[in-house]
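Working notes, beginning with the structure itself.
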Amino acid sequence: MAKKILVGGAGGFIGGHLVASLVQQGLANNIRAVDIKPFDEWYQRFPQVENLQLDLRLKDACEKAVSGTERVYNLAADMGGMGFIENNKGLCMLSVLINTHLLMAAKDAGVERFFYASSACVYAADKQTDPAVTGLKEADAYPAMPEDGYGWEKLFSERLCRHFREDFGVTTRVARFHNVYGPHGTYDGGREKAPAAICRKVIAAKLAGKKDIEIWGDGHQTRSFMYIDDCLFGIDKIITSKTLTFPINLGSAEKVSINQLVDIVESIAGIKLKRNYNLSAPKGVNGRNSDNTLIKQVFGWEPATPLRAGMEKTYAWIYDQMTRRA
Ligand code: NAD
C-alpha cells in the first residue's frame, strides 16, 4: 500500500484547503488529516480521508500521526491575527512542541519530505517601521528581532528544521507565509486576520444598516495579502523542490494600506462607511511586504492573484456564512 501523507492542522484554514486539493488530485486514500479540534469545528472535512483528532504537542500523538507516512505538512499552530498573537504569546510559543515532536517522529519514521509553515512574523521589527517599507528579503530575518512570542517560535522552528536536515538528513522545506486569506477560514471569535475581519465588519454594518465601522490602528499600516490558491501552489512547489533548503517568502508583493483594503471591501459591498480608528487596538508593525526576487528566481513564479479578485471570493463566502447564521 502507498505510504500516507500527513496534514497537521487539517481542521484549520490552510490545512483544510490543502486536504481539499490533495483529494482533488486523487490522493484521498493516502491522506491522514489531523487536528486538535473536534471534527465539527473543522473548516473542511472529507469522509474519504483518514481523519484523526490528536494534540500534536504530545510526542506519542506525533508518532501516531507520522507512522506510515512519507510526507508531512506541518500547518498546525496555535495562532490567529494580531488580536490573538499580541495577547497570547505563551500559547503561541507552545506550538514549538508541535514542530519539535513532529520532526522527531519524522526522523524516526524515515519521512521523505517535511514541510513547515513559517511566517513573515519572523522578520526583524526594525525593518518594518515605515508604511512605505520595501519588500522583506529572506536575509532580513537576521539579526533576529521577530514578533514577540509567535515570531520567535517560528524562527526557532525554522532553525530546528535546518538542523534536522543538516544533522539527521530529514528533507525539510520551509515557507514564510505572508498573510493568507480566502474562504473557509476564521472570520470572527478573536483569531481572524484583517481581510476576514474587515469583510465581517462591513457585512455586519450592511446587514444592520449601520453607517460606521471600527478599524484597528490609523489605517495607514501596510501589508500584502496572498490568496489561498497561490499559497497551495507555492507549498507544492516548495515541498517538491530538490534544491530549496532555506526558508523562502511565500506571499504576494501587492502592498496595500489597511485603508485601501477597506476601500476594496466597501466597493465589493457597494457601500461607504465612516471609519472610527481605534489607535489602542493591536495593529502589528507599520509596514510589511514580500520581496519575491528569490521565489521568482527559483520557480519563475510568484503569487499573483489580484487582491480585488481574491477578496470578492472571500467576501462572498463570509457573507453567505453570516446571512445563513442570521
Ligand atoms: P488555522 O488556525 O486556521 O489552522 C491551524 C490549525 O492548527 C487549527 O485548526 C488548530 O486547531 C490546529 N492546531 C493547533 N494546535 C494544535 C495541536 N496541538 N495539535 C493539532 N492541531 C493543532 O491557521 P492557518 O491560517 O490555517 O495557518 C496554518 C499555518 O500557517 C500555521 O502554522 C500558521 O502559523 C501559518 N501561517 C499562516 C498565515 C496566515 O495568514 N493564515 C500566515 C503566516 C503563517
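Counting convention: from 1, in listed order, for ligands and their atoms alike.
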| query | Would you call L136 and S290 a side-chain contact if the rule is heavy atoms closer than 4.5 Å? | reply | no

| request: Taking side-chain hydrogen bond (donor to acceptor under 3.5 Å, both in side chains) as the test, write out the residues that go with D167, two or more places apart. | output: none

| field | By side-chain hydrogen bond (donor to acceptor under 3.5 Å, both in side chains) - contacts of Y73 (at least two apart) | value | R71

Kindly list each side-chain donor-acceptor pair under 3.5 angstrom involving residues 12-19, sequence neighbours excluded, with atom names and distances?
unit_1 : atom_1 : unit_2 : atom_2 : d
H17    : ND1    : Q44    : NE2    : 3.4
H17    : NE2    : P183   : O      : 2.8

| Would you say the side chains of D230 and T305 form a donor-acceptor pair under 3.5 Å? | yes

| query | Regarding R200 and the six-membered ring of Y187, is the cationic atom NZ or CZ under 6.0 Å from the ring centre and inside 45° of its axis? | reply | no

Short N or O separations between ligand 1 and the protein, below 3.5 Å:
unit_1   : atom_1 : unit_2 : atom_2 : d
ligand 1 : 3 (O)  : F13    : N      : 2.8
ligand 1 : 7 (O)  : A77    : N      : 3.3
ligand 1 : 9 (O)  : G12    : N      : 3.1
ligand 1 : 9 (O)  : D35    : OD1    : 3.3
ligand 1 : 9 (O)  : D35    : OD2    : 2.7
ligand 1 : 9 (O)  : K37    : NZ     : 3.3
ligand 1 : 11 (O) : D35    : OD1    : 2.6
ligand 1 : 18 (N) : D55    : OD1    : 2.8
ligand 1 : 19 (N) : L54    : O      : 3.4
ligand 1 : 19 (N) : L56    : N      : 2.8
ligand 1 : 21 (N) : I36    : N      : 3.2
ligand 1 : 26 (O) : F13    : N      : 3.3
ligand 1 : 26 (O) : I14    : N      : 2.8
ligand 1 : 32 (O) : K154   : NZ     : 2.9
ligand 1 : 34 (O) : Y150   : OH     : 2.6
ligand 1 : 34 (O) : K154   : NZ     : 2.9
ligand 1 : 40 (O) : V180   : N      : 2.7
ligand 1 : 40 (O) : K193   : NZ     : 2.9

